[in-house]
Amino acid sequence: MELFDEKITKTPAQKQTILDNVRLPEDWKMALSEELTSDNMDNLRDFLKDAYQSDDSIYPPAPLIFNALNLTPLSQVKVVILGQDPYHGPGQAMGLSFSVPKAIPKPPSLNNLLKEMADDIGIHPSKHGDLTYWAQQGVLLLNSSLTVQEGEPNSHQNKGWGQFTDAVIDAVNEQTEHTVFILWGSKAQKKGKYIDTSKHLILTAVHPSPLAANRGGFFGSKPFSKTNDYLLQYGQTPIDWQLPQ
């Protein structure tokens, strides 16, 4: 027996079979093909299969894991808002960072985010916290980890999602121009350390969670107006931040 087992290299046909089974927009599949067929993703798929079949509650529901990428194809990305991991309470997570379904009360971080939006650009926060309308306009609402166990924030952060979402950020960095990266909190800012600032705008502030935001640095940071000013500067349509009621 060998001391170390050799990894089996996938053939092009095997990789294509994997990609054929991935339900993502074609531009994301092409940009992420190496990561989607990597050993990391093999391990992550095995972990998730076991996790969703266990007695533990995992969020979001499996069909919504890649909701952010499905709603915002790579070719349409104008803005990236990077969160940490999905909300870990029942019914909250919907595969979009900071967003909750319309019937679910808005969490404190989202309330603070919408309050800053109202102060920044003078529009009234909606009664709901569903940010799908932003995603449909090119706002990639990406979490660093795309799944979480109920009641245990960061519980899936070391399961392989970090490498996958790094690949997503790299793809946006390399294949788009004049994109706004909104990085709230130190973890998001570390994840964006390789973004090319010569062709993209990075906006940073403390995280909108009550503990961080109330210490100062989030309120008054004006990310929404700064984003639209930058998009207009480079001939892009600004984001309509007003959520439909």
Side-chain angles (χ1 to χ4, degrees), residues 68-69 71-86 96-99 106-126 129 131-146 162 165-243:
L69 301 182
L71 286 174
T72 313
L74 177 58
S75 61
Q76 297 179 18
V77 174
K78 298 179 180 179
V79 182
V80 178
I81 296 180
L82 185 60
Q84 183 170 286
D85 58 355
L96 303 174
S97 62
F98 296 101
S99 182
K106 290 177 285 188
S109 293
L110 179 56
N111 269 323
N112 284 341
L113 186 160
L114 296 176
K115 180 180 184 300
E116 171 59 20
M117 181 192 70
D119 292 343
D120 181 7
I121 54 180
I123 60 177
H124 295 292
S126 63
L131 307 182
T132 299
Y133 183 59
W134 294 0
Q136 292 169 337
Q137 296 178 75
V139 181
L140 180 62
L141 296 164
L142 181 69
N143 279 313
S144 297
S145 296
L146 301 191
T165 52
D166 279 349
V168 172
I169 294 171
D170 288 343
V172 177
N173 181 47
E174 294 294 331
Q175 299 191 30
T176 72
E177 290 188 358
H178 310 309
T179 298
V180 182
F181 290 82
I182 300 176
L183 308 178
W184 289 320
S186 59
K187 290 185 178 179
Q189 289 158 27
K190 289 178 182 177
K191 197 157 181 76
K193 62 184 177 181
Y194 296 118
I195 295 168
D196 184 352
T197 56
S198 70
K199 66 173 183 174
H200 302 298
L201 176 65
I202 298 178
L203 299 176
T204 62
V206 299
H207 195 275
S209 65
L211 183 63
N214 291 332
R215 291 175 178 171
F218 178 75
F219 295 117
S221 58
K222 300 186 181 298
F224 304 95
S225 61
K226 289 177 180 177
T227 291
N228 279 353
D229 287 347
Y230 181 81
L231 294 176
L232 285 168
Q233 179 183 347
Y234 288 98
Q236 299 192 69
T237 304
I239 304 300
D240 177 9
W241 298 108
Q242 179 68 70
L243 296 172

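Keep in mind that the numbers below use all heavy atoms, side chains included, and drop hydrogens, waters and symmetry copies.
Taking the side chain to side chain donor-acceptor pair (under 3.5 Å) definition, one finds that Thr197 meets it with nothing, sequence neighbours left out. By the side chain to side chain contact (heavy atoms under 4.5 Å, CB included) test, Phe219 is found to be paired with Asn112, Lys115, Glu116, Ala213, Asn214, residues two or more places apart in sequence or in another chain being considered. Listed by chain and residue number, Val77, Val80, Val172, Thr176, Phe181, His200 satisfy the side chain to side chain contact (heavy atoms under 4.5 Å, CB included) test with Thr179 (two or more places apart in sequence, or in another chain). With sequence neighbours left out, the side chain to side chain contact (heavy atoms under 4.5 Å, CB included) criterion links Val206 to Ala212, Phe218. Taking Thr132 as the reference, Asp130 meet the side chain to side chain donor-acceptor pair (under 3.5 Å) condition, with sequence neighbours excluded. Shown here are the ring pair (Phe, Tyr, Trp, His ring centres under 6.0 Å) partners of His124, two or more places apart in sequence or in another chain: there are none. The salt bridge (Lys or Arg N to Asp or Glu O under 4.0 Å) check on Lys78 picks up nothing, with sequence neighbours excluded. Residues passing the salt bridge (Lys or Arg N to Asp or Glu O under 4.0 Å) test with Asp229: none are found, sequence neighbours excluded. Scanning for side chain to side chain donor-acceptor pair (under 3.5 Å) contacts around Asp120 gives Ser225, with sequence neighbours left out. Ser186 is linked by a side chain to side chain donor-acceptor pair (under 3.5 Å) to nothing, counting only residues two or more places apart in sequence or in another chain. Scored by the side chain to side chain contact (heavy atoms under 4.5 Å, CB included) test, Leu201 finds Val180, Leu203, Tyr230 as partners (sequence neighbours excluded).
Separating the NZ atom in Lys226 from the CD1 atom in Ile121 is a distance of 13.5 Å, to the nearest 0.5 Å. Distance check, rounded to the nearest 0.5 Å: CD1 of Ile195 to CD of Gln189 gives 10.5 Å. Atoms OG and NZ, on Ser145 and Lys187 in that order, are 9.0 Å from each other to the nearest 0.5 Å. The line from CD1 of Ile81 to CG of Asn143 is 11.0 Å long, rounded to the nearest 0.5 Å. Atoms CG and CG, from Leu74 and Leu69 in turn, are 9.0 Å apart once rounded to the nearest 0.5 Å.
Between Val139 and Tyr133, the closest side-chain pair of non-hydrogen atoms is not below 4.5 Å. The closest side-chain heavy-atom distance from Leu82 to Ile169 is below 4.5 Å. Residues Leu142 and Ser97 are not in side-chain contact: their nearest non-hydrogen atoms beyond the backbone lie 4.5 Å or more apart. Side-chain contact between Trp184 and Ser109 is absent, with no heavy atoms from C-beta onward closer than 4.5 Å. Using a 4.5 Å cut-off on side-chain heavy atoms (C-beta onward), Ile239 and Asn228 make contact.
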message: Working note: Phe98 + Trp134, criterion ring-ring contact (aromatic ring centres under 6.0 Å, His included); need CA distance, chi angles, decisive distance, verdict.
response: CA-CA 12 Å; Phe98 296 101; Trp134 294 0; 9.3 Å; no

- request: Check the pair Leu114, Trp241 against side chain to side chain contact (heavy atoms under 4.5 Å, CB included), reporting the backbone distance first and the verdict last.
  value: CA-CA 10 Å; Leu114 296 176; Trp241 298 108; over 6 Å; no

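Shown here for Thr165 and Ser144, the closest heavy-atom pair between the two residues is OG1-O, 2.8 Å. Here the closest non-hydrogen pair linking Gly217 and Ala205 is O-CB, 3.5 Å. Ile123 approaches Gln242 most closely through the heavy-atom pair CB-OE1, 3.2 Å. Heavy atoms only, all atoms of each residue included: Pro238 and Leu232 are closest at CD-CD2, 3.7 Å. Nearest approach of Ser126 to Leu243, heavy atoms of both residues: OG-CD1, 3.4 Å.
In this structure, Gln137 contributes its side chain and Thr72 its backbone to no donor-acceptor pair below 3.5 Å.
Applying the salt bridge (Lys or Arg N to Asp or Glu O under 4.0 Å) test to every pair with at least one member in residues 191-205, sequence neighbours left out, gives these pairs: Asp166-Lys191.
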